[in-house]
A.B. asks: 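What follows is a single structure, and I will ask about it in a moment.
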Amino acid sequence: MKKIIIIRSSGNELANQLWNYASIYAYSLEKKYSIVNSSFFEYGEYFNFKSAPNLLFRIMFFRPFRNYTKRKTAIKRRVWRKMYSWYSMIVLFLNKKNTVTTANEVCYLPPTKQPDFKLKMLENSNDDIYLDGWLFRNPIGLEKFRKEIKKTFIPRKDVRITVESTIGKIRSDYNKIVGLHIRQGDYMTWRNGDYFIEQKRVREIIDEFISNFNIDKNKTCFLIASDGPIDKEIFFDLNIFISKNNAVTDLYLLSCTDAIIGSNSTFGAFASYYGNVPLIVMQKDPMDWQYYSGRQKYFENKYSTFVQY
């Protein structure tokens, strides 16, 4: 069987890699190819599917991150990423003629768009296809193969148990769960903090959400996932649950809510896609509440600018 090999994802973290991986997976289903993703070594052990090229590679790269939760700035991640960069450079050098690379532009894959000239040539050859980069996208494929993607990208059993237990307990007390993704950390300084939403502004947006959509806040719980501390005083009169789990668990917790209010990031967007729930992207500017009126499921959100549909 012809094989697609994802060789690099440009050093991105969980959600960026998942958008890329799911889009390419949809392409593999469309063409009936198998798929290997060695670049997913930092997160692969949190999932049921096995994306390592072989057992030795899995032991050397995947296993060390089975329960590792620190972000890409941590020393361990930096060391393993450097080792992986050496490996990937060798693989790409040996397979240059079979590689399609994305740099700063999106490369759309079938069935969303017919392949470009080089990819079409590789499809018609007997060689495996190497994909290099994180901007492979396939919005039509993501919808066409939603059921298959959701089944394949389900996390491992202990993560599922945590998610199901947490959501079950909250639903026993409340009629509605709203996910709240507050990106802090690097967003406080990245691009001069343009995408960082202070918690006081988050509270304003929640109050507007409650008012615009007639939410009974007494029967609603706001499940908060964040990479920084939460000031409970700001949310003092709301029912809140603050998750203290790893990124994979937080992503799937958000996917099990009824709606997500979140920072402009691929994290909340992928949770929205996986759970098929609407995402409201928080803005420093006035919110466009009319745009979100009637939204009940996942949709391609014009304010979610980092997914690059």
Side-chain angles (χ1 to χ4, degrees), residues 1-44 49 51 53 72 81 84-85 87-146 148-150 152-153 191 264-270 272-274 279 298-309:
M1 178 183 288
K2 196 176 186 69
K3 186 184 299 180
I4 296 174
I5 300 167
I6 305 172
I7 195 62
R8 287 195 301 194
S9 56
S10 302
N12 289 293
E13 294 190 87
L14 176 64
N16 281 340
Q17 292 197 36
L18 284 172
W19 276 114
N20 199 54
Y21 198 170
S23 294
I24 296 171
Y25 181 64
Y27 170 49
S28 75
L29 294 176
E30 178 74 11
K31 295 293 182 177
K32 296 181 173 55
Y33 299 156
S34 64
I35 188 170
V36 170
N37 186 359
S38 54
S39 71
F40 202 56
F41 66 91
E42 293 167 284
Y43 306 104
F49 56 82
S51 57
K72 65 181 181 181
R81 285 186 174 211
Y84 183 78
S85 71
Y87 164 81
S88 63
M89 283 190 292
I90 294 171
V91 173
L92 289 171
F93 176 77
L94 295 175
N95 297 279
K96 187 175 181 179
K97 67 182 181 68
N98 300 334
T99 300
V100 176
T101 300
T102 63
N104 297 316
E105 294 184 2
V106 175
C107 176
Y108 290 103
L109 299 169
T112 297
K113 186 178 180 180
Q114 290 304 306
D116 63 18
F117 179 73
K118 184 172 184 179
L119 186 56
K120 187 66 176 178
M121 286 184 60
L122 292 174
E123 286 182 357
N124 292 331
S125 73
N126 294 321
D127 298 321
D128 292 332
I129 300 173
Y130 290 78
L131 298 183
D132 175 30
W134 73 282
L135 285 175
F136 292 99
R137 292 292 182 268
N138 198 349
I140 292 177
L142 290 177
E143 283 304 310
K144 180 177 180 179
F145 298 106
R146 171 182 286 278
E148 293 86 346
I149 290 170
K150 185 166 184 175
T152 298
F153 283 72
R191 295 191 180 181
N264 183 5
S265 78
T266 56
F267 192 88
F270 192 84
S272 168
Y273 165 75
Y274 189 86
L279 168 67
Y298 165 78
F299 62 98
E300 295 182 9
N301 192 323
K302 67 181 182 180
Y303 293 107
S304 185
T305 58
F306 294 114
V307 175
Q308 296 177 283
Y309 296 105

A.B. asks: Taking the side chain as C-beta and beyond, is there a heavy-atom pair between Ser272 and Phe299 under 4.5 Å?
C.D. replies: no
A.B. asks: Is the number of heavy atoms from other residues, nucleotides or ligands under 6.0 Å of Met89 CE greater than 12?
C.D. replies: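 Check passes, neighbour count above 12.
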A.B. asks: Between Ser23 (side chain) and Trp19 (backbone), is there a donor-acceptor pair under 3.5 Å?
C.D. replies: yes
A.B. asks: When rounded to the nearest 0.5 angstrom, what distance separates OH in Tyr273 from OG in Ser304?
C.D. replies: 14.5 Å
A.B. asks: CD1 of Ile4 to CD1 of Ile24: how many Å apart, nearest 0.5 Å?
C.D. replies: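 Between Ile4 CD1 and Ile24 CD1, I get 7.0 Å after rounding to 0.5 Å.
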A.B. asks: Could you report the tightest heavy-atom contact between Glu42 and Arg81, atom names first, then the distance?
C.D. replies: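 In terms of heavy atoms, the two residues are closest at OE2-NE, 2.9 Å.
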A.B. asks: Indicate yes or no: at least one non-hydrogen side-chain atom of Ile140 is less than 4.5 angstrom from one of Pro110.
C.D. replies: no
A.B. asks: Could I get the full list of side chain to side chain contact (heavy atoms under 4.5 Å, CB included) partners for Ala22, not counting sequence neighbours?
C.D. replies: Leu142, Ile149, Phe153, Phe270
A.B. asks: Who passes salt bridge (charged side-chain N to carboxylate O under 4.0 Å, His left out) against Lys72, sequence neighbours left out?
C.D. replies: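 Listed in chain order: nothing, the list is empty.
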A.B. asks: What is the minimum heavy-atom distance between Phe136 and Val100, and which atoms define it?
C.D. replies: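 Scanning both residues, the minimum pair turns out to be CZ-O, 3.5 Å.
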A.B. asks: Between Ser85 and Arg8, is the side chain to side chain contact (heavy atoms under 4.5 Å, CB included) condition met? List the steps.
C.D. replies: CA-CA 8 Å; Ser85 71; Arg8 287 195 301 194; over 6 Å; no
A.B. asks: Run the side chain to side chain contact (heavy atoms under 4.5 Å, CB included) test on Gln17 and Trp134 for me, step by step, so that the C-alpha distance in whole Å, both residues' side-chain angles and the decisive distance to 0.1 Å come before the verdict.
C.D. replies: CA-CA 7 Å; Gln17 292 197 36; Trp134 73 282; over 6 Å; no
A.B. asks: Nearest 0.5 angstrom please: Asp116 CG to Leu109 CG, how far?
C.D. replies: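 Interatomic distance, Asp116 CG to Leu109 CG, rounded to 0.5 Å: 9.0 Å.
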A.B. asks: Taking the six-membered ring where the residue is Trp, are the ring centres of Tyr21 and Tyr43 under 6.0 Å apart?
C.D. replies: no
A.B. asks: Under the side chain to side chain contact (heavy atoms under 4.5 Å, CB included) criterion, do Leu18 and Thr266 qualify, and how do the steps go?
C.D. replies: CA-CA 9 Å; Leu18 284 172; Thr266 56; over 6 Å; no
A.B. asks: So, for Leu122 and Asn98, which heavy atoms are closest and what is the spacing to 0.1 Å?
C.D. replies: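 Looking at all heavy atoms of both residues, the closest pair is CD1-O, 3.4 Å.
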A.B. asks: About how many Å separate OG of Ser125 and NZ of Lys97, when rounded to the nearest 0.5 Å?
C.D. replies: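 Here the rounded value is 7.0 Å.
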A.B. asks: Locate the shortest heavy-atom distance separating Phe145 from Ala26; write the atom from each residue and the value.
C.D. replies: CE1-O, 3.5 Å
A.B. asks: With rounding to the nearest 0.5 angstrom, report the CD1 to OG distance, Ile5 to Ser51.
C.D. replies: 12.5 Å
A.B. asks: Would the number of heavy atoms belonging to other residues, nucleotides or ligands and lying under 6.0 Å from NZ of Lys113 be above 12?
C.D. replies: no
A.B. asks: So does Gly141 get a backbone contact from the side chain of Tyr27, meaning a donor-acceptor N/O pair under 3.5 Å?
C.D. replies: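 No, the answer is negative, given that no donor and acceptor are paired below the 3.5 Å cut-off.
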A.B. asks: Of all heavy-atom pairs between Asn20 and Leu135, which one has the smallest distance, and what is that distance?
C.D. replies: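 Between these two residues, the closest heavy atoms are OD1-N, 3.5 Å.
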A.B. asks: Can you tell me how far the CG atom of Leu279 sits from the CG atom of Asn264, to the nearest 0.5 Å?
C.D. replies: 8.5 Å
A.B. asks: Under 3.5 Å, is there a donor-acceptor pair between the side chain of Tyr130 and the main chain of Lys96?
C.D. replies: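 No: the side chain of Tyr130 does not pair with the backbone of Lys96.
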A.B. asks: Using modelled atom types only, decide if a donor and an acceptor are shared between the side chain of Lys2 and the backbone of Asp127 within a distance under 3.5 Å.
C.D. replies: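 Here the side-chain-to-backbone pair exists.
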A.B. asks: Given Tyr25 and Phe49, is the side chain to side chain contact (heavy atoms under 4.5 Å, CB included) satisfied, shown in steps?
C.D. replies: CA-CA 12 Å; Tyr25 181 64; Phe49 56 82; over 6 Å; no
A.B. asks: Check whether any side-chain heavy atom of Val36 sits under 4.5 Å from a side-chain heavy atom of Lys3, and report yes or no.
C.D. replies: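 Side chain of Val36 against side chain of Lys3, heavy atoms only: contact under 4.5 Å found.
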A.B. asks: For Tyr87 versus Pro53, what's the shortest heavy-atom pair and its separation?
C.D. replies: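 Scanning both residues completely, I find the closest heavy atoms to be OH-CG, 4.2 Å.
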A.B. asks: Counting only heavy atoms not in Lys118, do more than 12 fall under 6.0 Å of its NZ?
C.D. replies: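 Yes, because the 6.0 Å sphere around NZ of Lys118 holds more than 12 heavy atoms from other groups.
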A.B. asks: Answer whether the closest heavy-atom distance between the side chains of Phe267 and Glu13 falls below 4.5 Å.
C.D. replies: no
A.B. asks: Ignoring hydrogens and angles, state whether a donor on the side chain of Ser9 or Asn16 is under 3.5 Å from an acceptor on the partner side chain.
C.D. replies: no
